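Below: the structure, in structure tokens.
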Amino acid sequence: MHKPNRLLSVSSLLGVLLVAGCGDSPETDSTLPPVPSASEPTPIGGETDKAPSQPTEQPAEESSGEEVGKPSESAIVVSNCNVLPTQTPSASGDDGDGNVATLTQDDNLSTRWSALGKGVWLTLDLGSAQSLSGVAVAWHQGDKRQNQYVLSTSTDGATFTQAGSGTSALTTAAQTYAFSAARTARYVRITVHGNTVNDWGSITEARACGAGGSSTPTPPSSADSGPTLPRQPYLQSVNTTSAIVAFRTSASCSPLVRYGEGADVSRTATATATGWQHAIKLTGLSPGRTYSYVVQACGSTTGVRSFQSATGPDTRKVRFTAMGDFGTGGSLQSKVLALLGQSSRAGEFLLTLGDNAYSSGTEAEFQSNMFKPMAALLRSTPLFTTPGNHEYITKNAQPYLDNFYLPSNNPAGSERYYSFDWGPVHFVSLDSNCSSFPTAECTKALQQAWVKQDLAATTQPWKIVFFHHPVWSSGEHGSSTSTRNAFASIFEQYGVDLVLTGHDHNYERSKPMKGDAVAASGTRGIPYLVVGSGGATLRPFGTSQPSWSAFRDNTNVGYLDVAVDGGTLTAKFISSSNVVRDSLTLTKTVASGADIPQALAARPADSAPVQGPWYDPHRLPDFLTPVVVPPADTLESVADAPEPAQGFVHDLP
């Protein structure tokens, strides 16, 4: 059985415990940082962080007089650290009041080293080069403020190489930070870039950890601990080099995400803004790899989760799922999720086709009817969404924009419509509501101009477009002729292979279409699929089956499973009882992976900032106010407002 090591006294190298019970310092402190003024809101996700005023670090209190080597009843124990003796500590400076580097080696938590300024450092000289696995640090007032740190090592004391970085947890206990791999060095440096209260670096005790012995970190647990997060983690804007982990907390804090490839979670990404609503970007990913992550926030720690990064354009295969009209929180949605949530069912990611939260797309409905029932699925399955008409009932879909962190690669910088690549497929999400409810950043004309440029620029062999209102449908609403007239010719001109929509609460697949009719024999057409069967109450078809309709089903809820393998695309409509109700196969000639130009295969790393909502730091957010939302499990609860009369048509059989 593993037994934790205790921090050793430098002078005696005996099993001396660090003495807890650090006295309160007269320096100004708070469990929450000062908030910026109302005219300077802080963006969620850590895009900027307003610096609070800097309190003065005060001298250390006098020693409690406890005998060195005699532990108190609340002595601190350091786990996973084979402690190495420090010969000489040094620092970039101190506070001028006697809080110097040597106090980090005296086994006394009532003394400390302190220095003002982001980038101050403490260096431990081990006297000779040794094999190192990490660093153990006990932070002054660590239960009240989280410290941003960088760890680095050196063989000569002049040139340092980074070995890790992160944010400390809220505790006065010594924390062991493991390096990603063991390294040989004589010097270990801890650089402090301020904390969540001020710009001081304050460390009570620090030790270098040697490789071997008990230095192997304990594997992360799969179970959550601490207070339950009001919004469990969900994955956004996953690409080949980065991903966003979004979540919400019941207290205001500055959380972190530990992550790494495979089962490793030694890398750290931190929020740079304190708040309740978070979107933390994981960077430095490699294409098509499995990554694990753990969220640490406000005393909560999630169990280890995993996801796959996007594959690159040199990959011939991809598999994903899609569904629309699902956000009910009701019984039919539960049936679909029971199947979709099984291992590997959801594929590499999930597309949603609108009406994500019935009946009005409010903040409370997103929480109750989408994020709560889908929590287990979304923590491991990246999500790409498009808005439906029900989202537009509330503030032109503002809660939709507040809940998602989507690509914003259109000229308006809007998340309402965007594109992304995954493996051999180029995906385009349009906002079909913008024709009826135009905004400054989203109109029919803006989307038309953008999608022409976007589709013309891509070199991906497959192109799939998804949005809410169906171009071809015999369901209750019928075909959206306004959407067809605006975009169908563009899709045909630029070689779109498949179009996915929702809105009508059924499943329907058209024959390959061109213009206003079925494509003539020997010519290329586009199949249009309605997958509005994700959980809303199903509806009767508006007419008998038209000649252009290849298959339709309004008796089964379910989702679409799509697989691309080289020159073959297969789409299957799978019912909640795990029956393949319909299948479509498309074939084309595509270049092999070896034929992909190297310049295309080696895409640059994603450096775009996190997109997302802003919050008011002066008050609790609305999502912390309990609101009872009944399931939208009836025809009335998922009913639509009347559609513009000129925009939809039912084709004659």
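Worth saying up front: this structure is predicted, and the values here are computed from it rather than measured. No hydrogens, no waters, no symmetry mates; every other heavy atom, side chains included, goes into these values.
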Evaluation steps, salt bridge (charged side-chain N to carboxylate O under 4.0 Å, His left out), between R305 and D224: CA-CA 10 Å; R305 320 294 195 216; D224 295 349; 2.9 Å; yes

Please work out whether the ring planes of [X] and [Y] are parallel, tilted or perpendicular, with thresholds of 30° and 60°.
{"X": "W450", "Y": "Y417", "value": "perpendicular"}
{"X": "F404", "Y": "Y234", "value": "perpendicular"}
{"X": "F366", "Y": "Y400", "value": "tilted"}

Checking side-chain hydrogen bond (donor to acceptor under 3.5 Å, both in side chains) for the pair D553/T555: CA distance, chi angles, key distance, verdict? CA-CA 6 Å; D553 181 349; T555 60; 3.0 Å; yes

I'd like to know if the side chain of [X] pairs up with that of [Y] as donor and acceptor (distance under 3.5 Å, no hydrogens or angles considered).
{"X": "T385", "Y": "N356", "answer": "no"}
{"X": "N369", "Y": "T328", "answer": "no"}
{"X": "S237", "Y": "N239", "answer": "no"}
{"X": "Y418", "Y": "N410", "answer": "no"}
{"X": "N485", "Y": "S482", "answer": "no"}
{"X": "D504", "Y": "N506", "answer": "no"}
{"X": "S479", "Y": "T481", "answer": "no"}
{"X": "H469", "Y": "S480", "answer": "no"}

Heavy-atom check, side chain of [X] versus side chain of [Y], under 4.5 Å:
{"X": "Y291", "Y": "L285", "value": "yes"}
{"X": "P424", "Y": "R316", "value": "no"}
{"X": "P233", "Y": "T302", "value": "yes"}
{"X": "Q277", "Y": "F247", "value": "no"}
{"X": "L500", "Y": "L560", "value": "yes"}
{"X": "M513", "Y": "I526", "value": "no"}
{"X": "Y559", "Y": "I574", "value": "yes"}
{"X": "N409", "Y": "S419", "value": "yes"}

Identify the residue among Y528, W472, F541 that makes a side chain to side chain contact (heavy atoms under 4.5 Å, CB included) with E508.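 It is F541, the one option of Y528, W472, F541 that forms the side chain to side chain contact (heavy atoms under 4.5 Å, CB included) with E508.
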
[Y] backbone acceptor or donor facing [X] side chain under 3.5 Å:
{"X": "Q232", "Y": "A375", "answer": "no"}
{"X": "Q333", "Y": "G535", "answer": "no"}
{"X": "S436", "Y": "N433", "answer": "no"}
{"X": "T315", "Y": "K317", "answer": "no"}
{"X": "Q398", "Y": "D402", "answer": "no"}

Under the side-chain contact (heavy atoms from CB on, under 4.5 Å) rule, what do R289 and T311 come out as? Steps first, then yes or no, please. CA-CA 8 Å; R289 306 289 182 85; T311 52; over 6 Å; no

Knowing that exactly one of F427, F320, F349 qualifies, which makes a ring pair (Phe, Tyr, Trp, His ring centres under 6.0 Å) with W422?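 Between W422 and the candidates, ring pair (Phe, Tyr, Trp, His ring centres under 6.0 Å) is satisfied uniquely by F349.
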
Among all residues two or more places apart in sequence or in another chain, which pass the salt bridge (charged side-chain N to carboxylate O under 4.0 Å, His left out) test with K588?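 With sequence neighbours excluded, K588 shows a salt bridge (charged side-chain N to carboxylate O under 4.0 Å, His left out) to D497, given in chain and number order.
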
For [X] against [Y], the heavy-atom pair lying closest together:
{"X": "V336", "Y": "S533", "result": "CG2-O, 4.3 Å"}
{"X": "A519", "Y": "G525", "result": "CB-CA, 3.7 Å"}
{"X": "K281", "Y": "S242", "result": "CE-OG, 3.6 Å"}
{"X": "E348", "Y": "P382", "result": "O-CD, 3.3 Å"}
{"X": "G566", "Y": "W462", "result": "O-NE1, 2.9 Å"}
{"X": "E391", "Y": "G354", "result": "OE1-C, 4.0 Å"}

Answer yes or no: does atom NZ of K463 have more than 12 heavy-atom neighbours from other residues, nucleotides or ligands under 6.0 Å?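 Yes, enclosed.
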
From [X] [atom1] over to [Y] [atom2], what is the distance, rounded to the nearest 0.5 angstrom?
{"X": "F326", "Y": "L332", "atom1": "CZ", "atom2": "CG", "result": "14.0 Å"}
{"X": "L383", "Y": "L235", "atom1": "CG", "atom2": "CG", "result": "9.0 Å"}
{"X": "L538", "Y": "E476", "atom1": "CG", "atom2": "CD", "result": "11.5 Å"}

Salt-bridged, D640 to R539, with N to O below 4.0 Å?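 Salt bridge present between D640 and R539.
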
Inspect the contact between R319 and D565 and indicate whether a charged nitrogen and a carboxylate oxygen are less than 4.0 angstrom apart.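 No, no charged N to carboxylate O under 4.0 Å.
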
Option among T386, N389, T501, T352 that satisfies the side-chain hydrogen bond (donor to acceptor under 3.5 Å, both in side chains) test with H468: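 Among the candidates, only N389 passes.
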
Does the side-chain contact (heavy atoms from CB on, under 4.5 Å) test come out yes or no for H426 and V428, once each step is laid out? CA-CA 7 Å; H426 181 69; V428 176; 3.7 Å; yes

Examine R581 relative to Y507 and say whether NZ or CZ is less than 6.0 Å from the centre of the six-membered ring and inside a 45° cone about the ring axis.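 Not flagged: R581 not positioned over aromatic ring of Y507.
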
Test R345 against D561 for salt bridge (charged side-chain N to carboxylate O under 4.0 Å, His left out), laying out the working first. CA-CA 8 Å; R345 283 281 184 181; D561 183 290; over 6 Å; no

Residues C434, Y392; criterion side-chain contact (heavy atoms from CB on, under 4.5 Å); working and verdict: CA-CA 10 Å; C434 291; Y392 266 76; 3.8 Å; yes

Where do V562 and L569 land on the side-chain contact (heavy atoms from CB on, under 4.5 Å) test, with the steps shown first? CA-CA 7 Å; V562 183; L569 181 153; 4.1 Å; yes

What pairs of residues pass the side-chain hydrogen bond (donor to acceptor under 3.5 Å, both in side chains) test when at least one of them lies in residues 358-368, not counting sequence neighbours?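 Sorted result for residues 358-368: R231-Q367, R248-E363, D325-Y358, D355-Y358, Y358-H505, T362-E365, E363-N403.
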
For D633 and T537, what are the C-alpha separation, side-chain angles and deciding distance, and is it a side-chain hydrogen bond (donor to acceptor under 3.5 Å, both in side chains)? CA-CA 7 Å; D633 231 1; T537 305; 5.0 Å; no

Please assess K514 against E492 for the test salt bridge (charged side-chain N to carboxylate O under 4.0 Å, His left out), listing each intermediate value before the final yes or no. CA-CA 7 Å; K514 186 173 183 179; E492 294 164 10; 6.0 Å; no

Give the C-alpha distance, both sets of side-chain angles, the deciding distance and a yes or no for side-chain hydrogen bond (donor to acceptor under 3.5 Å, both in side chains) between S331 and S334. CA-CA 5 Å; S331 58; S334 296; over 6 Å; no

